[in-house]
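Numbers for residues simply follow the sequence, beginning at 1. Order of listing sets the numbers, starting from 1, for every ligand and every atom in it.
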Amino acid sequence: MNIFNEYNQPIIIAGPCSAESEEQILNTAKQISEIQQVRYFRAGIWKPRTRPGSFEGFGEEALKWLLKAKKEYNISTCIEVAHPSHVELALKYEIDAVWIGARTTTNPFSVNEIAQALHSTNIPVLIKNPMHPEIKLWIGAIERIQNTGIKSIAAIHRGFFYYGNEKYRNKPLWQIPLELKTIFPDIPIICDPSHIAGKKEYLFEIAQKAMNIGLNGLMIETHIQPSIALSDKEQQITPTELKHLLNQITFYTTTSNDPLFTNKLNILRQIIDEIDEDLLHLIAKRLEIVTQIAHYKKEHKVTAFQLSRWKNILQSRKNLAKELQLRENFIHQLLSLLHEESINIQNQVLNSQSSHSKQPS
Ligand code: PEP
Ligand code: MN
């Protein structure tokens, strides 16, 4: 039984990026324990910093503060583990769940070592996506934890590193967590909008999007005084702001028991099914014409790719898309995909040995 699926409620995890002092932990924990939706109090004990010299966490000392907060405010605690010794200390200080950070998921050696330390502990584990968008590493880390016998597993989507300047600190690439969901339908996926956003003003839009697409919870960095935080200060919010944010977000369930809703949904889905069928027939017809064109081009020794024709297609379809109020970028991608397949088919025809060009054997 996976305890993350226990209540059919979004799994909300909140707390500071780092545990910085006993006072900070106790004050934050007190205020967070008063927010009814929050299930786990998080705090970083050992901080993976990109360069040496930055604040790297207080280690075992900070675990004593967390244990005190747990006892005093009756909250469940959750920390990052990146090494077998972290797991040992997490158990010693009665931590309720541990997560594997993005940098660790990237490294199968480290995940293996942590998995060995977790063996026969039964502690719930959350696994963040790797730094770069390679879903197999994420799947592999989940499988390594599953192999220890641990049943309570969740994934955390915290976005992906990319080179260059964009709006968010880490790119969300939502199709990756959705693909993970198709592979592990029983493993809840929690969104970490804090590390995706990098700035607190984007938290709402990312968190709402995650809820809209059916992710199962949120991990939000919350600090008693973000302006003096020792790490990630731009993305942290106060417990009061957290309470407000959680009240602003609309949480959706994946199903509804209302028969009217189910009935209407079924009718609309049937229409979609029919449209998709029509679309596939039309695509097949389009590609059939492409094959005819390819044979014709071969006969006349004309190349598969014709720049002016491609430009024409793009322009005229984009004009129509505008009239139909379809997003230009979406239509561009769709046409590029069709064009790529068309070039592949023509290439096959041009490469094939036609009967009259065969050499006598
Ligand atoms: C964190 O949650 O504090 C953290 C270090 O996150 P990530 O592994 O996603 O960078
Ligand atoms: Mn952080």
What is the closest protein heavy atom to [atom], and at what distance does it sit?
| atom | answer |
| --- | --- |
| atom 6 (O) of ligand 1 | Lys128 NZ, 2.9 Å |
| atom 1 (C) of ligand 1 | His195 CE1, 3.3 Å |
| atom 8 (O) of ligand 1 | Ala102 N, 2.9 Å |
| atom 5 (C) of ligand 1 | Glu80 OE1, 3.6 Å |
| atom 9 (O) of ligand 1 | Arg158 NE, 2.6 Å |

Of all the heavy atoms in Glu221, does at least one lie under 4.0 Å from an atom in ligand 1?
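Yes.
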
Can a salt bridge be assigned to the pair [X] and [Y] using a cut-off of 4.0 Å between side-chain N and carboxylate O?
| X | Y | value |
| --- | --- | --- |
| Glu234 | Lys200 | no |
| Lys318 | Glu328 | yes |
| Lys136 | Glu143 | no |

Quick one: do Ile189 and Met131 end up in the same hydrophobic cluster if we chain Ile, Leu, Val, Met, Phe, Trp and Tyr together by side-chain heavy atoms under 4.5 Å apart?
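No, it is not one cluster - the side chains of Ile189 and Met131 are not joined through contacts under 4.5 Å.
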
Angle subtended at the Mn ion (ligand 2) by OD2 of Asp232 and SG of Cys17, to 10 degrees?
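Roughly 100°, rounded to 10°.
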
Given Ile135, Thr104, Thr105, the one that forms side chain to side chain contact (heavy atoms under 4.5 Å, CB included) with Pro130
Thr105

If the test is side chain to side chain contact (heavy atoms under 4.5 Å, CB included), which one of Ile224, Leu230, Ile25, Asp232 qualifies with Pro16?
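Filter result, single survivor: Ile25.
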
By number and element, which atoms of ligand 1 are closer than 4.0 Å to a non-hydrogen atom of [X]?
| X | value |
| --- | --- |
| Arg103 | 7 (P), 8 (O), 10 (O) |
| Gly101 | 8 (O) |
| Lys47 | 1 (C), 3 (O), 5 (C) |

min-distance N/O/S atom, Glu221 vs the Mn ion (ligand 2), resolves to OE2

Less than 6.0 Å separating the ring centroids of His157 and Trp174?
yes

Could you check whether Asn319 and Gln315, counting side-chain N and O atoms only, form a donor-acceptor pair closer than 3.5 Å?
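Judged by distance alone, the side chains do pair up.
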
